[in-house]
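Single-structure report; data block below.
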Amino acid sequence: MITTLHLGRKHAWLMAAMTIFIIAAMFSIPAWAQDEEPTLDTGDTAWMLTATALVLFMTIPGLSLFYGGLVNRKNVLSVLMQCFTITALMTLLWTIYGYSLAFDTTGMEKVDGYAFAERGIHGYVGGLKYLFLRGVDKDALTGTIPESVFVTFQMTFAIITPALIVGAFAERMKFSAVLIFSTLWFTFVYAPICHMVWSGDGALFWDLGILDFAGGTVVHINAGAAALVACLMVGKRRGYPERPMPPHNLTMTVTGAGMLWVGWFGFNAGSAVAADQNAGMAMLVTQIATAAATLAWTAAEWIKHGKPSVLGAVTGAVAGLVAITPASGTVGPMGAIVIGVAAGFICFFAATTLKRALGYDDALDAFGVHGVGGFVGAMLTGVFAATNLGGFEIEAADIGKQVWLQFVGCAVTFVYCGVVSFIILKLIDLTIGLRVSEQDEIEGLDVTQHEEAGYI
Amino acid sequence: MITTLHLGRKHAWLMAAMTIFIIAAMFSIPAWAQDEEPTLDTGDTAWMLTATALVLFMTIPGLSLFYGGLVNRKNVLSVLMQCFTITALMTLLWTIYGYSLAFDTTGMEKVDGYAFAERGIHGYVGGLKYLFLRGVDKDALTGTIPESVFVTFQMTFAIITPALIVGAFAERMKFSAVLIFSTLWFTFVYAPICHMVWSGDGALFWDLGILDFAGGTVVHINAGAAALVACLMVGKRRGYPERPMPPHNLTMTVTGAGMLWVGWFGFNAGSAVAADQNAGMAMLVTQIATAAATLAWTAAEWIKHGKPSVLGAVTGAVAGLVAITPASGTVGPMGAIVIGVAAGFICFFAATTLKRALGYDDALDAFGVHGVGGFVGAMLTGVFAATNLGGFEIEAADIGKQVWLQFVGCAVTFVYCGVVSFIILKLIDLTIGLRVSEQDEIEGLDVTQHEEAGYI
Amino acid sequence: MITTLHLGRKHAWLMAAMTIFIIAAMFSIPAWAQDEEPTLDTGDTAWMLTATALVLFMTIPGLSLFYGGLVNRKNVLSVLMQCFTITALMTLLWTIYGYSLAFDTTGMEKVDGYAFAERGIHGYVGGLKYLFLRGVDKDALTGTIPESVFVTFQMTFAIITPALIVGAFAERMKFSAVLIFSTLWFTFVYAPICHMVWSGDGALFWDLGILDFAGGTVVHINAGAAALVACLMVGKRRGYPERPMPPHNLTMTVTGAGMLWVGWFGFNAGSAVAADQNAGMAMLVTQIATAAATLAWTAAEWIKHGKPSVLGAVTGAVAGLVAITPASGTVGPMGAIVIGVAAGFICFFAATTLKRALGYDDALDAFGVHGVGGFVGAMLTGVFAATNLGGFEIEAADIGKQVWLQFVGCAVTFVYCGVVSFIILKLIDLTIGLRVSEQDEIEGLDVTQHEEAGYI
Amino acid sequence: MRKIEAIIKPFKLEEVKEALSSIGVQGLTVTEVKGFGRQKGHKELYRGAEYVVEFLPKVKLEIVVSDDQQTQVVDAIVKAASTGRIGDGKVFVSAIEDAVRIRTGESGDVAIS
Amino acid sequence: MRKIEAIIKPFKLEEVKEALSSIGVQGLTVTEVKGFGRQKGHKELYRGAEYVVEFLPKVKLEIVVSDDQQTQVVDAIVKAASTGRIGDGKVFVSAIEDAVRIRTGESGDVAIS
Amino acid sequence: MRKIEAIIKPFKLEEVKEALSSIGVQGLTVTEVKGFGRQKGHKELYRGAEYVVEFLPKVKLEIVVSDDQQTQVVDAIVKAASTGRIGDGKVFVSAIEDAVRIRTGESGDVAIS
Ligand SMILES: Nc1ncnc2c1ncn2[C@@H]1O[C@H](COP(=O)(O)OP(=O)(O)O)[C@@H](O)[C@H]1O
Ligand SMILES: Nc1ncnc2c1ncn2[C@@H]1O[C@H](COP(=O)(O)OP(=O)(O)O)[C@@H](O)[C@H]1O
Ligand SMILES: Nc1ncnc2c1ncn2[C@@H]1O[C@H](COP(=O)(O)OP(=O)(O)O)[C@@H](O)[C@H]1O
């Protein structure tokens with residue numbers, strides 16, 4: 001509790017500042033963008049339909065199994081339930097107002113630099129044009145694909161992001177609190193960050209030229225920051241870290257990891273929103289970085305502990321997938337190897353040494369892998385996007401500037417997300433409470449929250 | 001037994017009537033349809049290849065896991081075996097004569113209304129032109145995709161339908177009886193209903209204008225009706241309902257549910273047989289309805305029992321997927337929400353209260369979810385296809401008529417399927433017997449039917 | 001040990017001969033091929049992106065689960081770890097030099113017959129042009145798809161092949177030895193065979209006209225031969241065959257089998273490298289042959305042992321998938337049925353009777369299914385490719401010649417792979433040793449090699 | 001005090017528990033065990049490898065009762081667990097010197113009543 | 001020699017083991033069991049089918065000790081395993097006639113020390 | 001009658017059962033247990049969290065025999081289960097007052113022969 005209050009104070013100023021600029025921005029003048037007339041491409045559509053299925057597959061059953069295997073057997077269903085219900089809930093929220101808040105580009109205008117006031121509110125969050133998907137006609141297109149597909153594809157990102165955070169507070173948070181947290185977090189954190197990064201000209205990150213091809217900031221740093229705050233706020237699991245808490249079923253975790261890997265092709269190569277060279281190269285570099293991170297983590301364990309473990313290997317893989325995410329549209333194979341290796345080693349350090357040193361209980365390493373891996377990836381994107389390093393986006397001379405921009409992207413996301421997550425969690429704690437009773441925690445969440453048992 | 005005999009008598013007349021009109025119809029005159037010259041579209045083909053893989057994925061491993069987790073651990077392999085062998089068996093039957101019975105349009109002619117005699121036999125079942133897939137040349141097209149792909153896509157529907165029925169008679173039916181039942185049911189129920197719904201002009205349901213985009217009648221009501229009859233005929237499991245029969249491994253069930261959800265994109269969006277706006281909107285509404293049903297069932301449980309369960313959430317999801325199936329080509333996002341919510345609540349009622357009240361042992365709720373959910377979906381398709389309700393097919397004024405047509409579709413399917421299923425099961429019972437011995441049931445089907453054990 | 005030394009002596013001559021011709025071949029003159037100007041097709045690209053994901057899905061989690069369920073619970077993680085790490089390792093090796101060794105066509109020229117010397121080294125193995133994927137530009141195409149996609153697609157084949165071999169030496173080989181073996185085997189066996197079969201004009205098998213659409217020789221016979229040698233060299237598991245070694249979790253195996261089946265659509269239909277009629281027909285025949293093999297194995301068991309088992313059914317399915325692999329581009333539905341039935345029966349015989357008779361301990365039947373099934377498929381490809389038997393490639397009159405060619409393909413692969421695998425394993429055995437200590441084997445590989453446990 | 005150990009067929013557990021409850025037994029402890037005895041095991045077959053499972057799933061009940069309850073308890077178990085088929089199981093009786101209820105520290109007969 | 005059997009709540013296992021180690025107990029054997037007693041079970045609900053789980057997860061410890069250690073061991077267990085809530089479990093004491101260490105064939109008190 | 005309880009290494013189960021069968025033992029009951037003793041456990045490591053597994057998998061056999069079989073049975077177990085390595089396990093002998101065969105209701109020595 002002391003820690004969390006401390007956290008609150010520390011960032012209170014920044015939060016206040018943010019709030020002010022958001023309100024201030026409301027008074028700026030919106031403007032309209034013009035579109036060319038695109039036509040539907042069946043190949044692009046085919047790939048995006050598939051990519052959408054793949055990203056959904058990442059959450060159910062991919063991430064669910066990955067996380068589910070890591071907890072105690074008495075809590076396995078609670079994790080599966082949280083992932084499954086979040087999937088359903090985010091789908092409805094996205095349908096009702098999320099897509100609009102994220103992708104309504106009404107009133108956006110390109111603005112140089114950090115000029116908050118000029119940009120207007122809609123540089124930070126979308127309008128309400130698409131409430132209830134009004135206006136998403138069957139024949140509407142986004143680029144060369146039906147807008148319905150784009151809506152669903154983006155929806156799957158809005159699903160997995162809050163689901164990732166589950167890893168931080170697993171095994172002790174009330175189910176009702178999870179749902180309320182996810183709803184508020186989606187509304188006040190995910191939707192605006194998504195808008196700032198991906199909605200196009202006039203959006204903060206977009207205008208600044210921050211590179212985030214497939215969601216390094218929107219998904220991973222965002223989820224990672226919320227995860228860190230959440231595990232601090234919810235507190236440690238009973239007995240942590242004295243009592244060992246080994247994964248109850250690693251075969252489940254490895255299965256989930258395989259599914260995440262496969263599904264991530266939809267995530268990264270799907271972010272090309274086309275079946276083209278960008279998608280192809282995104283798939284290739286995703287594969288390479290993941291492999292490199294897997295081997296890096298394995299090697300780190302082998303060196304440090306004398307034996308490599310499959311939990312290490314799969315965690316490394318996820319770290320690699322996370323790190324290549326922002327980079328996957330702008331780096332080449334060699335950049336991918338470096339990003340993968342870096343992510344493997346650094347996340348290994350974060351999830352083992354750092355976590356133990358600082359003592360927070362990020363139960364399934366949502367911060368250690370997604371937060372840290374996302375940061376590593378975002379920064380190195382700024383390096384390996386350079387054409388002389390095999391990338392496709394920037395000049396060698398601009399590496400320094402781009403790395404700075406990447407850092408800004410990470411920092412703004414981290415701070416904004418951290419502050420708002422803190423407020424949300426605090427509010428929940430003060431009202432219905434975040435945490436189950438000690439007795440319920442001992443008995444397990446499956447029986448006490450859901451009246452069922454994973455295995456008979 | 002009394003119940004089942006009673007059932008037999010009750011519907012004997014209808015069955016007789018059906019038999020007569022089918023024979024009568026044989027004398028009518030066939031006619032030929034003309035086709036335009038289509039060309040192959042690689043995008044459409046890419047999507048349909050994928051969709052086919054997704055629908056197969058629904059059965060193995062999706063449905064297998066969903067069902068397998070719900071039974072007692074001593075019967076888990078028997079369920080997996082039934083799903084797997086049905087997959088193989090239906091593939092061969094479809095290849096040998098199923099595709100021909102379902103999609104040979106020889107001798108079909110558009111007929112108004114229910115005019116059975118004029119329509120001819122081929123309004124009810126296809127001919128034998130494609131026996132052994134003769135005539136399905138490598139270069140043949142169905143619309144813009146290779147006919148080979150269409151054959152395989154439709155095959156996966158013919159696979160999953162009998163596999164769904166397994167849920168009704170799980171844990172007590174002889175393996176040999178399952179195979180014989182599936183073979184006969186496929187031949188005398190699935191193939192004709194599939195033909196009536198999807199083979200085009202001249203087919204009963206098609207001519208009547210019954211809307212069934214992706215198989216509400218063909219797959220779900222059909223399977224549901226057979227499931228109800230089957231569980232009545234096979235009888236209750238030993239000890240039902242006094243002895244509790246909790247799922248032996250809910251993690252397996254939740255995993256399977258995730259796979260079903262993901263695979264269902266192939267089912268519904270694949271039913272557009274193209275990578276276009278219809279596919280896109282089908283995917284979107286599928287996602288929305290499923291989410292709505294998940295939350296509806298969860299809410300129902302929360303309200304009624306005080307706690308939501310993950311088994312409830314995933315069952316709700318399947319109910320939503322079932323209900324949106326017939327509607328997925330003709331409703332918009334808001335219709336999808338209503339359909340989902342309705343399916344969630346009504347199937348909750350059917351699988352819990354209704355089943356208990358009536359006392360039949362539909363072991364895994366094949367009827368409660370697929371029969372009831374299919375019915376809800378079919379009826380509401382008639383409502384939300386209306387353009388003023390966000391749909392894409394009918395006028396507001398025609399809702400009443402369409403709902404009636406939808407009802408006719410459900411009723412004919414239900415009655416025809418119910419009667420023929422009854423006959424098939426009766427024949428099997430009188431010859432080799434439907435049910436394993438009591439001793440075998442106690443020991444479990446895995447060891448007694450297959451000489452192996454799920455877990456060591 | 002006697003067996004293995006014997007094996008060594010027996011094939012030493014052949015190995016020597018091979019070595020000589022490879023060296024001799026180095027002096028021949030390379031030549032350049034000309035390419036037409038292709039353009040990117042989004043539909044083909046969409047399908048190949050998907051197919052790549054599907055083939056990766058075959059290994060993680062498909063094959064991992066299939067194999068993992070079959071071993072003792074104390075070794076389950078070791079199998080998952082081997083598959084996962086091989087995935088990562090092969091990805092990097094493929095990126096660094098594998099793709100180049102396999103698909104650099106520098107210096108290749110079409111040569112009739114077996115003329116080794118004229119062909120030059122590059123008829124057997126590729127050059128180093130693509131080291132580190134240099135030259136695989138974002139915009140480079142292979143046919144109508146980005147080369148990046150082709151690289152990744154082929155990479156997934158290079159991943160699964162060594163992973164298949166794991167089945168032979170499971171439960172007793174050192175983890176470090178597995179990695180070294182996989183690395184060397186990939187380099188000296190996989191890459192050259194892949195080159196000889198698929199790199200185009202000038203490559204041995206290609207020039208000879210050996211038919212191998214999707215990897216019967218490259219993947220299955222290759223893996224099968226290595227598996228046989230490996231299980232002989234590593235020796236039997238402690239207690240085999242006296243002590244029963246039943247699968248510890250068949251639900252896992254059946255799940256993996258379903259995933260293999262679904263993923264195999266990517267493998268076979270993906271080998272068309274387009275979303276066209278070839279892909280469509282490949283999918284259809286894959287489905288049919290697999291179903292036929294499933295039922296054949298099931299029937300064989302039913303007849304021989306009185307009861308069919310799900311392990312039999314799924315093993316039959318894999319046998320069918322293996323056997324149809326080389327044939328899937330050239331046979332029609334009826335050929336597929338025959339190939340499936342033959343594979344089902346013959347692999348049943350190989351994995352049960354033959355293995356027991358000869359006494360080798362191919363733990364998970366990697367040879368019995370992939371080696372034998374691959375051989376059956378390769379030979380029958382030579383038969384059912386004939387147009388009068390429903391195939392699409394050869395004349396009836398050429399069946400004899402084609403079967404001979406197919407035999408040559410199998411024999412060369414088998415011998416070359418067998419010899420080189422033997423040398424590699426011998427070297428490892430003489431240096432770090434192949435096998436864990438008896439004590440470690442008793443305790444289990446999970447704890448002794450990886451310091452973790454599958455289930456708590 | 002006496003300890004009654006009963007090895008029974010798993011599907012009889014519920015019935016035996018009911019029988020014991022109805023004669024006032026307040027507590028018992030159940031263990032999943034495998035039994036080897038006269039009852040023939042079944043065959044399992046994995047890819048041609050036959051495997052005779054001689055250890056069959058059984059359930060072991062342990063009930064500590066005061067001396068005077070012994071006969072009644074044994075009888076109730078035998079009655080409820082019997083199917084008349086081989087493999088129905090055994091009941092063993094042995095002496096317990098002391099019992100302590102952890103919660104309260106009480107010992108002797110009162111600890112189990 | 002005496003056999004001490006303790007049925008405790010699973011999450012107390014670690015603490016009890018520590019307590020026993022600290023008083024010099026060299027070995028013990030642990031079994032996962034299900035207990036039926038005064039402690040109320042919980043409800044589980046599957047698609048409307050209610051199922052009262054009366055058998056709760058417990059852990060059984062068996063420790064064979066020399067006669068003079070008996071009191072000390074029982075006390076240590078009771079102290080470490082107690083939470084004061086219903087369901088904490090029982091300790092039973094009975095006589096063991098002989099013990100043999102398989103590795104060496106030694107028997108009697110020396111086999112367990 | 002005597003109850004012989006043997007705690008052995010799991011991979012020795014088959015051999016011990018053979019040995020017992022060959023001297024005419026008609027029945028026994030097997031439980032999977034975890035043993036804590038002199039045998040060092042192994043280390044497991046999960047994302048840097050070390051976890052020393054002190055409870056090792058063992059198998060417990062329970063065999064009730066008539067008094068005269070005691071020595072023979074104990075010897076057979078010790079012989080078959082011994083590897084000479086630490087952790088081979090223990091055999092404990094205690095008295096059984098009565099045995100009943102559930103199927104027939106027979107009691108005494110005849111119930112276990
Ligand atoms: N001598 C024994 N000691 C311990 N357990 C025994 C003994 N004999 C039988 N059992 C247990 O009782 C079970 C039933 O015994 P079995 O001989 O199969 O049938 P029955 O009790 O009907 O004669 C066995 O599976 C075993 O668990
Ligand atoms: N008579 C008995 N014989 C054997 N085990 C018993 C007996 N009574 C209780 N137990 C075991 O002790 C556990 C705790 O007993 P319970 O009555 O629930 O609480 P408490 O010990 O606090 O009174 C039970 O779950 C059961 O395993
Ligand atoms: N005093 C004891 N009471 C009950 N079980 C014991 C006792 N001592 C040892 N055991 C059991 O015997 C097993 C082997 O004991 P251990 O001390 O490791 O080796 P050894 O028997 O070779 O001296 C332990 O794992 C435990 O299950």
Side-chain angles (χ1 to χ4, degrees), chain C residues 60 64 68 70-82 84-85 88 170-176 178-179 234-250 356 361 363 435-456, chain F residues 6-23 25 27-61 76-91:
Chain C
I60 50 167
S64 311
L70 293 175
V71 299
N72 194 301
R73 58 194 298 125
K74 70 188 172 189
N75 298 321
V76 61
L77 295 185
S78 77
V79 167
L80 302 185
M81 178 67 166
Q82 289 167 20
F84 205 88
T85 328
E171 311 201 74
R172 56 209 193 276
M173 193 151 153
K174 268 187 194 168
F175 181 59
S176 52
V178 172
L179 295 189
V234 176
K236 299 174 192 177
R237 285 167 294 174
R238 234 191 114 267
Y240 181 88
E242 302 81 30
R243 209 152 44 82
M245 297 174 171
H248 90 284
N249 186 340
L250 276 181
R356 272 160 207 273
D361 182 14
R435 203 170 164 138
V436 301
S437 74
E438 193 184 334
Q439 201 50 39
D440 284 3
E441 197 180 339
I442 291 172
E443 262 199 77
L445 269 56
D446 292 358
V447 158
T448 60
Q449 301 286 299
H450 308 296
E451 281 182 350
E452 49 189 353
Y455 313 92
I456 300 287
Chain F
I7 292 143
I8 62 170
K9 289 185 170 162
F11 77 97
K12 280 291 190 182
L13 174 60
E14 205 59 28
E15 276 170 68
V16 172
K17 194 213 70 188
E18 298 288 307
L20 291 172
S21 285
S22 74
I23 59 166
V25 168
L28 52 86
T29 300
V30 176
T31 315
E32 286 181 15
V33 299
K34 305 260 176 201
F36 170 78
R38 287 158 187 272
Q39 186 188 0
K40 283 281 141 300
H42 57 262
K43 193 177 74 171
E44 292 180 12
L45 198 70
Y46 300 100
R47 288 191 186 158
E50 197 171 306
Y51 167 27
V52 180
V53 179
E54 292 173 316
F55 292 102
L56 300 172
K58 301 279 170 191
V59 154
K60 181 168 85 170
L61 306 182
I77 294 174
V78 171
K79 198 155 152 245
S82 171
T83 67
R85 287 168 185 270
I86 209 158
D88 276 353
K90 314 279 183 203
V91 182

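Just so it is clear, the model here is predicted, and its values are computed rather than measured.
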note = Across all chains, not counting sequence neighbours, the salt bridge (charged side-chain N to carboxylate O under 4.0 Å, His left out) partners of F/K60 are E/E62, F/E5
query = What part of C/Q439 lies closer than 4.5 angstrom to a heavy atom of chain F: side chain, backbone, both or neither?
reply = side chain
query = Tell me, side chain or backbone of C/R238 under 4.5 Å from chain F's heavy atoms, or both, or neither?
reply = side chain
note = Among residues 35-48 of chain F, residues within the sub-4.5 Å heavy-atom range of chain C, in order of number, are F/H42, F/K43, F/E44, F/L45, F/Y46
